[in-house]
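Here's the structure, in structure tokens; my notes come after.
The figures that follow rest on heavy atoms only: side chains count, while hydrogens, waters and symmetry mates do not. Every chain is numbered from 1, with letters handed out A, B, ... down the list of sequences.
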Amino acid sequence: MPEGPSIKILKDLTEKFLGKEILSATGNAKIEMDQLPGRIFQEYKTYGKQSYLVCENMVVRIHLLLFGSYSLDEQTKPDRQLRLHLKFENGDLYFYSCSVKLLDRNVLKEIDWNADVLSDEWKPLKAKKKLKVQPEMLVCDALLDQNIFSGVGNIIKNEVLFRIGVHPESLVGKLPPKKLAALIFEARNYSFDFLRWKKEYVLKKNWLAHTKKICPKCGENLTKRHTGLNSRRSFFCEKDQKLYQ
DNA sequence: TGCCATGTTAAACT
DNA sequence: GAGTTTAACATGGC
């Protein structure tokens, strides 16, 4: 569920609550629930995989982590840990098993919006600068670094690396200029494909490498291995994805 | 049925 | 203190 594009979809679904008053806030999230009723839900801001529900002088930051989910208007599966339920006059917003924090609105000023691959404010040159100062980093770690490519998750990582023909364990500093540019371009470009395909319920169908066994390009077996600092699954073709080191 | 994964943080270590 | 490793969280698909 929760890579950057999925959060964008959630944001769109909550549009009808904009400008509405929060009538009640309940759930097992460890926040001061009584701070929320009476406030107006002004804006839904996303930063990568983070959601910021903006109210007056206050934001609710939500991260779905690995297992988080949500529902609108109807509590579809009430057996799950209901973390936060926001009641509006025209419906209900439910969040399950996610991270919830109540923060001062000023936290929005600290965020580097240029790092969000799905944002209009995305700045590829800035990403390039961040990569240049970390030449020893593996490209699989670089793509998952939320300070550089906010919103990119493991699926996007695998698909981007397959598209640009780069081995996940390549060193950032050893990438030829064209490959470095392709990496930065596809991180955003594939994220928009992900968004479109997810909306059309055909995301999985369009995976070329992630969870796949056969390379769609050359027909050879794909390699599955846990790579990088956090040992996330990588699916790649030894033949079509070059190792730069 | 058991494993493990679209993720991150904080505590526990060296 | 720093950098690194481990644990915790918690659900659903295969």
Side-chain angles (χ1 to χ4, degrees), chain A residues 1-11 13 27-31 46-52 59-71 75-85 94-103 107 110-112 115-118 133-134 136-163 168 186-213 222-236:
Chain A
M1 196 64 101
E3 295 195 26
S6 302
I7 308 304
K8 280 278 185 198
I9 291 169
L10 166 57
K11 173 189 167 163
L13 288 172
N28 66 5
K30 289 172 193 159
I31 60 169
T46 63
Y47 172 67
K49 303 160 191 169
Q50 308 263 17
S51 291
Y52 291 93
V59 292
V60 185
R61 191 189 67 189
I62 294 171
H63 197 302
L64 296 181
L65 301 173
L66 206 49
F67 312 121
S69 60
Y70 59 85
S71 63
Q75 226 176 310
T76 48
K77 290 180 184 172
D79 50 315
R80 288 176 292 181
Q81 294 278 326
L82 179 57
R83 190 113 317 149
L84 182 62
H85 169 199
Y94 301 92
F95 291 97
Y96 305 90
S97 50
C98 53
S99 156
V100 179
K101 270 196 174 165
L102 214 52
L103 301 167
V107 296
E110 315 286 312
I111 293 170
D112 177 12
D116 188 332
V117 294
L118 286 169
V133 297
Q134 298 180 81
E136 299 300 314
M137 189 163 45
L138 300 181
V139 290
C140 59
D141 286 329
L143 277 169
L144 292 174
D145 188 327
Q146 300 301 296
N147 293 314
I148 307 175
F149 298 107
S150 184
V152 169
N154 207 38
I155 296 172
I156 296 174
K157 176 200 81 178
N158 283 323
E159 293 297 307
V160 165
L161 290 174
F162 181 80
R163 278 189 173 185
E186 278 299 342
R188 176 174 169 88
N189 188 47
Y190 180 81
S191 293
F192 278 101
D193 285 340
F194 184 123
L195 177 61
R196 194 178 72 248
W197 288 330
K198 177 102 186 168
K199 280 181 183 169
E200 295 167 358
Y201 302 102
V202 292
L203 177 66
K204 275 192 190 182
K205 204 180 81 182
N206 284 287
W207 286 346
L208 298 178
H210 190 73
T211 71
K212 298 292 176 185
K213 292 197 157 55
L222 288 179
T223 300
K224 175 192 171 184
R225 192 194 310 151
H226 291 259
T227 63
L229 291 173
N230 40 14
S231 295
R232 303 297 301 277
R233 288 194 300 177
S234 283
F235 299 85
F236 57 97

inquiry  = Could you tell me how far B/dA11 sits from C/dG1 if I compare only their C1' atoms? Round to whole Å.
reply    = 16 Å

Check nucleotides 8-14 of chain B for protein N or O atoms closer than 3.5 Å to its own N or O atoms and list the pairs.
unit_1: B/dT8; atom_1: OP1; unit_2: A/H63; atom_2: NE2; d: 3.3
unit_1: B/dT8; atom_1: OP2; unit_2: A/K49; atom_2: NZ; d: 3.4

Without decimals, in angstroms, what is the distance between [X] [atom1] and [N] [atom2]?
X      : N     : atom1 : atom2 : result
A/L84  : C/dC9 : CG    : P     : 20 Å
A/H210 : B/dA5 : NE2   : P     : 9 Å
A/L229 : C/dT4 : CG    : P     : 8 Å
A/D193 : B/dT6 : CG    : C1'   : 17 Å
A/W207 : B/dT6 : CH2   : P     : 8 Å
A/W197 : B/dT6 : CH2   : P     : 18 Å
A/Y96  : B/dG7 : OH    : P     : 22 Å
A/F235 : B/dC4 : CZ    : P     : 12 Å

ask   = Any sub-3.5 Å donor-acceptor pair from A/K212's side-chain atoms to A/F236's backbone N or O?
value = no

key: Secondary-structure string, 5' to 3', Watson-Crick or G-U under 3.5 Å, | for another-strand partners, for DNA chain C   = .||||||||.||||

ask   = Residues two or more places apart in sequence or in another chain: which of them pass salt bridge (charged side-chain N to carboxylate O under 4.0 Å, His left out) with A/R196?
value = A/D193

request  = State which residues pass salt bridge (charged side-chain N to carboxylate O under 4.0 Å, His left out) with A/E186; sequence neighbours excluded, sorted by chain then number.
outcome  =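 Partners of A/E186 by the salt bridge (charged side-chain N to carboxylate O under 4.0 Å, His left out) criterion, ordered by chain and then number, come out as A/R163.
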
For [X], check side chain to side chain donor-acceptor pair (under 3.5 Å) against everything at least two apart and list the hits.
X      : value
A/S51  : A/Y44
A/D145 : none
A/H210 : A/N158
A/S99  : none

ask   = Under 4.0 Å: is that the gap between some side-chain N or O of A/K157 and OP1 or OP2 of B/dA5?
value = no

request  = Would you tell me if any nitrogen or oxygen in the side chain of A/R233 comes within less than 4.0 Å of OP1 or OP2 on B/dT6?
outcome  =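 Yes.
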
Show me the donor-acceptor pairs within less than 3.5 Å that the side chains of residues 201-209 of chain A make with the rest of the protein, sequence neighbours left out.
unit_1: A/N206; atom_1: ND2; unit_2: A/V202; atom_2: O; d: 2.8

task = By nearest nucleotide on DNA chain C, pick out whichever of A/N28 and A/K204 is the more 5' one.
result = A/N28

Heavy-atom pair of closest approach, residues A/R233 and A/H226 = CG-CE1, 3.4 Å

